[in-house]
Peer 1: 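Let me begin by handing over the structure; questions about it come next.
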Amino acid sequence: MVWAEKGVHAFPGKTDHRLHSFLIEAYHQCGNHRKTLELAWQAFTESPNLSTYQKLKTYTAQQDDWEDPWPPMRVKALAFIREEIQKNHQSRKSSYAYTQRDGQPNQTELIKILLWEGDVQTAWEEAQQGWCPNSLWIELAQKREENHPADALKIYQDQVEPTLAIKNNTAYQQAIRYLVKIKELMTRLKKQTTFKKYLNDIRATHKAKRNFIKFLDAEKGL
């Protein structure tokens with residue numbers, strides 16, 4: 001433990017996550033709850049992501065308090081990560097490496113955390129405020145399609161053209177899976193006529209992609 005503590009002190013702000021994990025668990029096993037929580041918080045603030053958040057929750061919940069200590073810690077942790085998102089966004093905006101994607105705050109880790117907690121509504125609201133990868137948009141669509149089909153529909157439609165632009169059979173088959181989902185949602189929204197026109201437009205735009213059209217013709221769900 002002493003050697004591990006020296007490692008943490010030697011590299012403040014750049015501590016290897018494995019060293020943090022070892023020392024946090026060592027403190028926990030020794031019953032030193034104060035140091036356990038202090039280091040769990042340090043690990044989270046150095047690298048605010050889903051993994052460090054999960055560990056922070058685990059060790060916070062194990063504190064010997066009469067009341068559940070997690071709710072106030074959760075508020076503090078979410079406030080911290082939101083502040084970090086804005087700081088990083090402002091920093092990127094002022095750099096020479098600024099890209100179009102940097103025009104929006106990167107909400108990825110916050111959305112991952114909220115989805116892990118099952119707070120789909122807040123995750124959806126946060127996604128509207130910034131950028132996150134397509135994989136998270138798809139997860140949001142899957143979780144919202146039952147009660148919010150129109151929201152899910154837009155997400156799936158937004159995936160079709162970028163997927164077709166990859167121009168290989170795997171991408172074509174994925175695009176068709178999106179089209180099947182789009183048909184299902186438009187049917188629920190009583191937009192069958194709109195879907196027929198949408199699909200005809202897709203066919204016309206991508207008629208030169210022979211394999212895509214072949215897969216499309218073979219798809220019974222369309």
Peer 1: Are Lys143 and Asp119 ion-paired here, with the side-chain N under 4.0 Å from a carboxylate O?
Peer 2: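 The answer is no: the pair does not qualify as a salt bridge.
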
Peer 1: For Glu38, is there an ion pair with Lys35 - N to carboxylate O distance below 4.0 angstrom?
Peer 2: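 So Lys35 does not pair with Glu38 through a salt bridge.
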
Peer 1: Once you measure the plane-to-plane angle for His28 and His33, does it fall in the parallel (<30°), tilted (30-60°) or perpendicular (>60°) bin?
Peer 2: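 Ring orientation of His28 relative to His33: tilted.
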
Peer 1: For the CD atom on Glu146, are there more than 12 heavy atoms of other groups (residues, nucleotides or ligands in this structure) within a distance under 6.0 Å?
Peer 2: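 Open: at most 12 neighbouring heavy atoms sit under 6.0 Å from CD of Glu146.
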
Peer 1: Do Glu139 side-chain atoms and Ser135 backbone N/O form a donor-acceptor pair below 3.5 Å?
Peer 2: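 Checking the backbone N and O of Ser135 against the side chain of Glu139, no donor-acceptor pair under 3.5 Å is found.
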
Peer 1: Roughly how far, to the nearest 0.5 Å, is the CG atom of Leu110 from the CD1 atom of Ile81?
Peer 2: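 Answer rounded to 0.5 Å: 5.5 Å.
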
Peer 1: Does Lys209 have more than 12 heavy atoms from other residues, nucleotides or ligands lying within 6.0 Å of its NZ?
Peer 2: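 Yes.
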
Peer 1: So, do Tyr172 and Leu216 sit near enough that their side-chain heavy atoms are less than 4.5 Å apart?
Peer 2: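 With C-beta onward as the side chain, the pair stays apart.
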
Peer 1: How long is the straight-line distance from CG of Leu153 back to CD of Gln157, given to the nearest 0.5 Å?
Peer 2: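 Gln157 CD to Leu153 CG: 4.0 Å, rounded to 0.5 Å.
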
Peer 1: Under 4.0 Å between a side-chain nitrogen and a carboxylate oxygen: does that hold for Glu145 and Arg188?
Peer 2: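 No salt bridge links Glu145 with Arg188.
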
Peer 1: Only one of Gln107, Lys87, Glu126, Gln129 passes side-chain contact (heavy atoms from CB on, under 4.5 Å) with Arg82; say which it is.
Peer 2: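 Result for side-chain contact (heavy atoms from CB on, under 4.5 Å) with Arg82: Glu126.
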
Peer 1: Which class fits the ring pair Phe80 and Phe44: parallel under 30°, tilted 30 to 60°, perpendicular over 60°?
Peer 2: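 Judged by the thresholds at 30° and 60°, the geometry between Phe80 and Phe44 is tilted.
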
Peer 1: Ring-plane angle category for Tyr156 and Tyr178, please: parallel below 30°, perpendicular beyond 60°, tilted otherwise.
Peer 2: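 Plane angle between 30° and 60°, so tilted.
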
Peer 1: Roughly how far apart are Ile113 CD1 and Leu56 CG, rounded to 0.5 Å?
Peer 2: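 One finds 9.5 Å between CD1 of Ile113 and CG of Leu56.
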
Peer 1: Measure the CH2-CD distance between Trp137 and Gln159 for me, rounded to the nearest 0.5 Å.
Peer 2: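 Separation between the atoms: 9.5 Å.
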
Peer 1: Ignoring hydrogens and angles, state whether a donor on the side chain of Thr108 or Asn106 is under 3.5 Å from an acceptor on the partner side chain.
Peer 2: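 Yes, side-chain donor-acceptor contact under 3.5 Å.
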
